[in-house]
**Q** 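There's a structure below that I have some questions on.
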Amino acid sequence: MDAGRDGAGPVRGALRAVRDVLDATDPGLVRLVGAAHTVGAICLALAVLWALGFGTPFLVAAGSSALVWSMVLTGPKEGEQAVTHALGLPAALLAATAAVLLAPYRVVSGAVFVVLLFVTVYVRRYGPRGTALGMNAFQMYFVMQFVPLPADQLPRLWAALAVAFGCGAVVRFVLLRTSPDRSFVRLRRSVRACLADVAEALAALADGDGATSGDRDRAGRTTALRRRLRRLHTCALMLQDSVEACAAPAVAARVRTRMTETDVRAERLAVMLLRAGQDGGTSGQDFAHHLYLPGPGTRTGGPAAGGDSLAARLRALPETLARGGTPADAAVPASPRPDAGPAPAVADAHQALTDFEQAAAGLREAFRWSPGTRTAPAEAPAPEASPAAPAVPPASAPPEPEPEPGGLRRPTTRAAVQVACGATVATAGGQLISADHWYWAVLACWMVFFNTSSTGEIALKGSRRVAGTLAGAFVGLFVASALAGLPWPAFVLTLVCVFGMAYTAALSYTAATFFITLMIALLSDLLGTYTDGLLLIRIAETTFGVLCGVAAAVLVLPRATGQRTDALLADALRSLADAVTTTVRRLTSPAADPSPDALVRAAHAADRRVEELARSLTPLVHPVAPHRARRQTSLYVLGLLETCAYHVRVLAVEAGRGAPGSWSASPARPVLEERARTVAVRLEALAAEGRAGQAQPPVADVAPGTGPPAPDEARVLMHFRRLDDDVRAIAGALPRPGPPDPAGGGGHGREPQ
């Protein structure tokens, strides 16, 4: 969607290609910017302290503080980050001071360490700020365990930490400032890169679906298309989350609506193409032939005339999107006749391609707004609103969240108790393994509880930490030996490890742990403390700490994976039911509420719930999961839920295109209401662990005494019918409520198994 690529020189073109790859694979460059913050803060702090003459212990303490603080400091707005940053320095000073003063008293120091671990996990209930402050305090106490300083050096330590926090503020808020406006601009660029990737993958289908295309080649192109569609969907969700913080309500609603429509149209085009090429009424040879036949109807305003073949239009798609897509008022290809033989599948693909081009053009128009402009342009009202309604009707109020359980049932309290118990054992056992490096065992025990909520997640994260440690120790053994006596190359490679750790932390915990272990080997070499047995101690301490953490999760206030997935599955099903109800209200009620933006918000909430469920199911669907039947069923149910979320997005887009109550006088309204009611009842019944409505027969597409519905109405009814089919399939796949499964540890026996 960016013009002027052809005129760039080779170097500039290569740099732009690299940027496009980063934009597509790292939406909004979130990981890249976060890693740059971390490395920048460390380099600046070390440079300033070295120039001021601070010694190695102070450099290590300040660098460690800059490392952790840059990674954990998060928040949607700069003001919130600044407040958290200001509170972080006192927390770090208190923790470091306590560590130095208690160092001579080993038992007391260890007890305070365990208490601090408990507090660090407990304060996660206060959101990103509590998590950041707790992590910061724990890290400083932890670092001072292996950087001992006498009490008379505390003023210099305070000064070093103050410099580290000041340098971190300069990097984050001045040199590499990340405001909501800039974050949105980067996400907007990522959306364009993802759309370009999808267009290229769609064009590749035209090149690969000929008569001579092999099954393996076609499967590879299909896999690439699905992977790029998933990237586009991920980027779309992130953009919808970010636009609220930097745009006026009318602009944010327009961007959200256009982004959802483009995402849906891209997915539908891919479905139509794959269906036309596989089972859409044409054989492989027929589809290869129809790809090159002129399309139905006449198109105007596009790069080609009405006689364009589907293959030609697909090949021209990247250029069409770069130029702005098909204008919204372009003529649409005529709808195919049901009795037109094999051609309807290809004609549907033509229609889907035109819809995608028009949606991309609408998104490009919405993107012309500049972040920082807090009011919507007067000449660009939301096109979906009815003439009598405001430009953007207010969204419906979100449902009241259920109260969080108290006492030991609260997730943060449970995790804090588990961490304290596990850390106590890890401290004692770690001392037996190595009196100088026992803290590695405690750190491993604590880290497996970070961003995890069930026993399965803790065990999986622990295994990944051990795997990353083993790989890092193996590589570090050779790297540290090769760079012995070469401080500057070792220092540069250490910074590379820091960058790699920060960049991969959200992507692969195994990779992040690998970089951490390699960095430890390099730092030990720089500090002159490296020995041949150091990395073996690291492996032993990490493995023991992970075992302590997993044992604590299993034995102390356990929360099985099934209990976690039960709750998230119910949330996802209820979100889907809410989205269905909101869509039907828009179609049948003449009132202006719900608005198109409310439909998009409801679909977005359902998407996020399904994503959260997918993350919690990771231990059950992992390739090495012990229960194979449960793994297959979990993957099946998750796929059905993702398909349901897709149908909900399509229905939100279709309902938002017309005026409110567009079905109020339609003969198909009774069918719509009955089908929507059936779907909603089944979803709610599943969420409540019941089976009400499962045996109800499917609703007919046509009401008695009426003719066939209009094409647009038929499409909406079709999506409701397929949504109902998917919900019934989910009900059939889930086990009936029963006692917990001793082998699987499921809370109520309802997790996919």
Side-chain angles (χ1 to χ4, degrees), residues 34-35 37-42 44-46 49 57-103 109 112-147 149 154 157-173 178 412 415-416 419-420 423 439 442-447 449-451 498 501-502 505-506 512 516 519:
H37 280 159
T38 302
V39 175
I42 292 174
L44 184 59
L46 294 181
L49 291 174
F58 304 102
L59 295 178
V60 173
S64 300
S65 176
L67 167 66
V68 173
W69 189 241
S70 297
M71 294 183 64
V72 301
L73 180 59
T74 59
K77 298 180 180 179
E78 282 186 296
E80 296 179 3
Q81 293 184 16
V83 172
T84 306
H85 195 87
L87 296 174
L89 180 58
L93 294 177
L94 287 174
T97 302
V100 171
L101 295 178
L102 294 177
S109 178
V112 172
F113 194 22
V114 173
V115 171
L116 185 58
L117 280 171
F118 177 90
V119 174
T120 299
V121 178
Y122 185 83
V123 297
R124 289 191 310 184
R125 70 178 60 189
Y126 301 111
R129 179 170 295 166
T131 301
L133 294 176
M135 285 277 290
N136 178 49
F138 165 77
Q139 180 67 18
M140 286 315 306
Y141 196 96
F142 168 74
V143 168
M144 299 315 298
Q145 301 301 310
F146 60 90
V147 186
L149 286 174
L154 278 176
L157 177 61
W158 297 337
L161 293 179
V163 169
F165 271 82
C167 291
V170 170
V171 171
R172 178 175 291 270
F173 301 114
T178 305
T412 51
V419 167
Y439 44 80
V442 181
L443 183 64
C445 175
W446 173 68
M447 284 302 298
F449 286 92
F450 190 69
N451 286 336
V498 172
M501 176 197 61
I516 292 173
M519 179 182 65

**Q** What are the two closest heavy atoms between Leu149 and Val100, and how far apart are they?
**A**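 Minimum heavy-atom separation between Leu149 and Val100: O-CG1, 3.4 Å.
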**Q** Contact between Tyr122 and Leu117 at the side-chain level, heavy atoms closer than 4.5 Å - yes or no?
**A**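 Not in contact.
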**Q** Do Leu73 and Asn136 have side-chain heavy atoms sitting under 4.5 Å apart?
**A**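 In short, these two side chains do not touch, never coming nearer than 4.5 Å.
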**Q** Is the backbone N or O of His37 less than 3.5 Å from a side-chain atom of Arg172, with the two atoms forming a donor-acceptor pair by type?
**A**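 Side chain of Arg172 to backbone of His37, a donor-acceptor pair under 3.5 Å: no, none is there.
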**Q** If you compare all heavy atoms of Leu116 against all heavy atoms of Ala137, which two are closest, and at what distance to 0.1 Å?
**A**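 Closest approach of Leu116 to Ala137, heavy atoms only: CD2-O, 3.7 Å.
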**Q** Are Phe138 and Trp446 an aromatic pair by the rule of ring centers under 6.0 Å?
**A**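 Yes, close enough.
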**Q** Look up atom OG1 in Thr120 and atom CZ in Phe449, then write down how far apart they are to the nearest 0.5 Å.
**A**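 CZ of Phe449 is found 13.5 Å from OG1 of Thr120.
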**Q** So does Val60 get a backbone contact from the side chain of Ser64, meaning a donor-acceptor N/O pair under 3.5 Å?
**A**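 Yes, Ser64 side chain to Val60 backbone: donor-acceptor pair under 3.5 Å.
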**Q** Side-chain contact, heavy-atom cut-off 4.5 Å: Gln81 with Phe173?
**A**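 Gln81 reaches Phe173 side chain to side chain.
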**Q** Donor-acceptor pair, distance only, cut-off 3.5 Å: does the side chain of Tyr439 make one with the backbone of Val143?
**A**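 No, because the side chain of Tyr439 does not come within donor-acceptor range (under 3.5 Å) of the backbone of Val143.
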**Q** Taking all atoms of both residues into account, what is the closest heavy-atom pair of Gly134 and Val123, and its distance?
**A**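 Nearest pair, atom of Gly134 first, then Val123: CA-CG2, 4.1 Å.
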**Q** What's the shortest heavy-atom distance between Cys445 and Val419, and which atoms?
**A**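 Heavy atoms of Cys445 and Val419 come nearest at SG-O, 4.5 Å.
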**Q** Would you please classify the geometry between the Phe113 ring and the Phe142 ring as parallel, tilted or perpendicular, with 30° and 60° separating the classes?
**A**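 Ring orientation of Phe142 relative to Phe113: parallel.
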**Q** For Arg129 and Val83, indicate whether the former's side chain and the latter's backbone hold a donor-acceptor pair under 3.5 Å.
**A**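 Not confirmed, Arg129 side chain does not pair with Val83 backbone.
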**Q** Can you check whether Thr84 reaches Leu87 side chain to side chain, under 4.5 Å on heavy atoms?
**A**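 Result no, sub-4.5 Å side-chain heavy-atom pair not found.
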**Q** Please report the C-alpha distance between Thr412 and Val121 in whole Å, then the side-chain angles of each, then the deciding distance to 0.1 Å, and finally whether the side chain to side chain contact (heavy atoms under 4.5 Å, CB included) criterion is met.
**A** CA-CA 6 Å; Thr412 51; Val121 178; 5.5 Å; no
**Q** So which heavy atom on Ser70 is nearest to which on Ala66, and how close?
**A**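 It is OG-O, 2.8 Å.
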**Q** State, yes or no, whether a side-chain contact exists between Leu161 and Met140 at a heavy-atom distance under 4.5 Å.
**A**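 A side-chain contact under 4.5 Å exists here.
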**Q** If you compare all heavy atoms of Phe58 against all heavy atoms of Leu49, which two are closest, and at what distance to 0.1 Å?
**A**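 So the two residues come closest at O-CD1, 4.2 Å.
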**Q** Nearest 0.5 Å, what's the CG-OG1 distance between Asn451 and Thr131?
**A**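 It is 8.0 Å, given to the nearest 0.5 Å.
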